[in-house]
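Have a look at the structure below, then the notes.
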Amino acid sequence: MIGNKIRDCYVTAVRELYKQEISPEIIGFEKTKRDIDGDFTVVVFPLIRYSRKSPEVTATELGDWLTDKLPEILKFHVIKGFLNLTMTEEFWLEFLAKEAFSNEFGRSRKPDAAPIVLEYSSPNTNKPLHLGHIRNNLLGYSLSLILEANGYDVRKVNLVNDRGIHICKSLFAYMKWGGGETPESSGMKGDHLVGKYYVLFEKEYKKEICELMTTGMTEEEAAKSADLITEAQEILRQWEAKDPDIIRLWRTMNGWTYEGFTATYDRLGVEFDKVYYESDTYLFGKELVYEGLENRLLERKADGSIWVRFPDEGLDEKLLLRADGTSVYMTQDLGTAEQRYEEYSPLKMIYVVGNEQVYHFDVLKRALRILGKPSAETIYHLSYGMVELPEGKMKSREGTVVDADDLMEEMYRTAEETTRSLGKVDDFPEEEANVLFDTIGMGALKYFILKVDPKKNMLFDPKESIDFNGNTGPFIQYTYARIQSLLRKAADAGSAIPDPRYPKPCHCEERSDAATETSSLVPRPSSLVLQEREIIKLLYQYPSIVEQAGEELSPALIANYIYELVKEYNQFYQEVPVLREEDRGIVIFRLVLSAFAGDVIRKGMGLLGIRVPERM
RNA sequence: GGUCCAGUAGCUCAGGGGAUAGAGCAACAGCCUUCUAAGCUGUGGGUCGUAGGUUCGAUUCCUACCUGGAUCACCA
């Protein structure tokens, strides 16, 4: 990256011109704004205290120095404290020749062998997935791709919450009211069937609480003493005691759910390297707790329950094991964290979990520290914001959720409808058309979710269906398809461009090679038009965007970058002739540029888990 | 009440110690005999929640306050 080179050069410049030492970080280096002449801009305001001269003079002196020392810089001009540098065309053309069609563009390697464990999805098996889970899954999967592009060894992990009181609720409701219903007999998708009983339980439970309250109980008392909840709790105890009937039914119902989940995951296009089940891991957490108790790190209360205390941290205390010996959420999370740490010796363990659980993860980290476990320091909670509806938060219990399967189906149908009404698939075979509808529908959904900063809450209005125009997935996909169409047309017309799908043999070490490619691809240097130059500058940024997205764990950075690139490309496409251009050298050059842009669009969208169509 | 997160155009969102704060949607006006109009161009729309502070410079950093959300469970 030329930025670092220029920064370093600045340090030397300041040393030689002003006899001062500065660190490179204080130098602001950015892409020049579009309406100002130049490629890169350095803000020199921070340097005037070293130069002891006016911003303009400082910028001019530094500009002279840099232009003299760095052959890549053609010229510069100064506006107030902004030093705008213009690179030589040679610089840009060499970049293009070297990186266009390189499969490694935007990918880097890390020598560090320790893996990153990335947990996401982590569903409960008592209900189907909803829009909140979609955000989780899309974020998690995209992050795994981004981290891999940054050279990390990523292990995608799913921890299924398949035990606990909430599971027992649907289990119990099914025992009570199910009447032997199955996915086959009801025609319902397995996870939806199980979810039906969870909702039923909550409904009946709420009813019972209301009845009890009419007898003078407080809501809290009623919630505790209702028959339904005590019976569900009894089921949990029987489960932990491995009662064969309970276990059998639990297996059956979870099986239904997994079938449903698998279908949803497939359609979402996410996957995992390993799936953990809380029912397998929770016992390990219990062991940790008992071990901690023995070592006098934890406390047992009179009723037998076990707690962790946080002395001066303002967090009070937290239950780790109930009086009856059954475990809670925290118990098993302690266990899985430690287990995972031993299994992978990871660099980092990232948990993609909603921001409603920041407190939980704070406690988890501190509890592990108190237990003296080094895994504590590798834990990072990537807390993302909720998806809100116009009426507010989604609640499974109250049925105010946007179901994942329904939403995906709706996206597909909308994509089909829109595409057909535009007459885009009139000449498509049925099969290809169906794939396209899926590509577009899912592209719209994924982009809609991933373009917003993960940590922020976002709004989804079901009444206004997700757009296909403007800053959307389909818009980007469309631009890609248009580029491919252009390349096909060129090939048909016999234009001898290097085929982007067959990367050239790369002997990148040898500079002479790059130079010959440059001369074979590129027209006379003076012919770069504004739109071309803007695209090249954006392409040049791509690797650093990927890097930044990896550091900040934010797919949104990629999404917004691609959008910028696509907008720029569309301007180029609209205003600058490619195939209609007379000069053959320029035609080839513009085709190469287009293919490169298409490549980066495909790569970037790939990092979001979004496919891109050859035609649409 | 404590803690955390957020408040930028009518709506959904970018941006971020520096140049006139950007997109999309919605509204209006143009551009298809020419590389795909799911596109491009233009117009209107902002005291960047409020008040202080730090700074050559604050929408960006700090503090207080206001508003919204989350959380402080023997739910997960």
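Chain letters run A, B, ... following the sequence lines, proteins first and then strands; every chain starts at 1. Please read all numbers here as calculations on a predicted model, not as lab measurements.
Going from atom CG of Asn457(A) over to atom P of C4(B) covers 17 Å, rounded to whole Å. Distance CH2 (Trp239(A)) to P (A76(B)): 12 Å, rounded to an integer number of Å. We find that CZ of Phe475(A) is positioned 7 Å from C1' of G39(B), with the value rounded to whole Å. Distance Tyr447(A) OH to A14(B) P: 11 Å, rounded to the nearest Å. Spacing between atom CG of Leu486(A) and atom C1' of G39(B) amounts to 14 Å, rounded to whole angstrom units. The CD1 atom of Ile601(A) sits 14 Å away from the P atom of G39(B) (whole-angstrom rounding). As a whole-Å value, the separation of Leu557(A) CG from G15(B) P is 7 Å. G69(B) atom P lies 14 Å from atom CG of Leu389(A), rounded to whole Å.
For Ser485(A) (side chain) and Ala481(A) (main-chain N/O), no donor-acceptor pair under 3.5 Å exists by modelled atom type.
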Extract from the structure each pairing of a protein N or O with an N or O of nucleotides 8-10 of chain B at less than 3.5 Å, listing the distance.
none

Nucleotides 55-59 of chain B: which of its N/O atoms have a protein N/O under 3.5 Å away?
none

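Relative to the side chain of Met386(A), the nucleotides C74(B), A70(B), A76(B) differ in distance, and A70(B) lies closest. Minimum atom distance to the side chain of Phe468(A) is reached by A38(B), of the listed U34(B), A38(B), A14(B). Distance from the side chain of Val452(A) is smallest to A14(B) among A14(B), C35(B), A38(B). Among A38(B), C35(B), U41(B), the nucleotide with an atom closest to any side-chain atom of Glu575(A) is U41(B). Taking every side-chain heavy atom of Asn560(A) into account, A14(B) is the closest of A38(B), C75(B), A14(B). Listed candidates were U71(B), C74(B), A76(B). Nearest to the side chain of Glu278(A) is A76(B). Comparing G18(B), A19(B), C40(B) by their closest approach to the side chain of Ile79(A) singles out A19(B). Comparing A38(B), C72(B), A37(B) by their closest approach to the side chain of Tyr359(A) singles out C72(B). Side-chain proximity of Asn570(A) to A19(B), A70(B), C40(B): nearest is C40(B). Comparing atom distances between the Met458(A) side chain and each of C13(B), A19(B), A38(B) picks out C13(B) as nearest.
The salt bridge (Lys or Arg N to Asp or Glu O under 4.0 Å) check on Glu464(A) picks up nothing, with sequence neighbours excluded.
A donor and an acceptor atom, one from each side chain of Gln531(A) and Glu568(A), are nowhere located under 3.5 Å apart. With hydrogens and angles left out, the side-chain atoms of Thr32(A) and Thr41(A) include a donor and acceptor closer than 3.5 Å.
Toward the 5′ end of RNA chain B lies the nearest nucleotide of Val358(A), the other residue of the pair Val358(A) and Thr479(A) mapping further downstream.
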Worked check of salt bridge (charged side-chain N to carboxylate O under 4.0 Å, His left out) between Glu534(A) and Lys31(A): CA-CA 10 Å; Glu534(A) 288 299 321; Lys31(A) 185 170 158 291; 3.6 Å; yes
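Remark: Glu240(A) engages Lys286(A) in a salt bridge, criterion side-chain N to carboxylate O under 4.0 Å. A salt bridge between Arg237(A) and Asp324(A) is present, with a side-chain N of the basic residue lying under 4.0 Å from a carboxylate O of the acidic one. Between Asp427(A) and Arg615(A) there is a salt bridge, since at least one side-chain N of the basic residue sits less than 4.0 Å from a carboxylate O of the acidic one.
Ring geometry for Trp250(A) versus Trp239(A): interplanar angle over 60°, hence perpendicular rather than tilted (30 to 60°).
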Per-nt protein contacts along nucleotides 20-27 of chain B (heavy atom under 4.0 Å; B base, S backbone sugar-phosphate only, - none) come out as B--SSS--
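Distances shorter than 4.0 Å separate none of the side-chain N or O atoms of Gln477(A) from OP1 or OP2 on A38(B). When the side-chain nitrogen and oxygen atoms of Arg482(A) are compared with OP1 and OP2 of A37(B), one or more of them lie within a distance under 4.0 Å.
By the 4.5 Å heavy-atom criterion applied to side chains, Asp162(A) and Ile167(A) are not counted as neighbours. In this structure, the side chains of Met616(A) and Thr419(A) stay at 4.5 Å or more apart for every pair of heavy atoms. The shortest side-chain heavy-atom distance between Tyr569(A) and Ile483(A) falls under the 4.5 Å cut-off.
Across residues 322-334 of chain A, Arg322(A), Val328(A), Tyr329(A) each have a non-hydrogen atom less than 4.0 Å from an atom of RNA chain B (numbered order).
No engagement by Ser122(A) is indicated, since no non-hydrogen atom pair under 4.0 Å with the nucleic acid exists.
Residue Phe82(A) and nucleotide G18(B) are not classified as a stacked aromatic pair, given the requirement of ring centres less than 5.5 Å apart at an interplanar angle below 30°.
Where RNA chain B pairs in unbroken runs of 3 or more (Watson-Crick or G-U, both distances under 3.5 Å), the stems are B:1-7 with B:66-72, B:10-13 with B:22-25, B:27-31 with B:39-43, B:49-53 with B:61-65.
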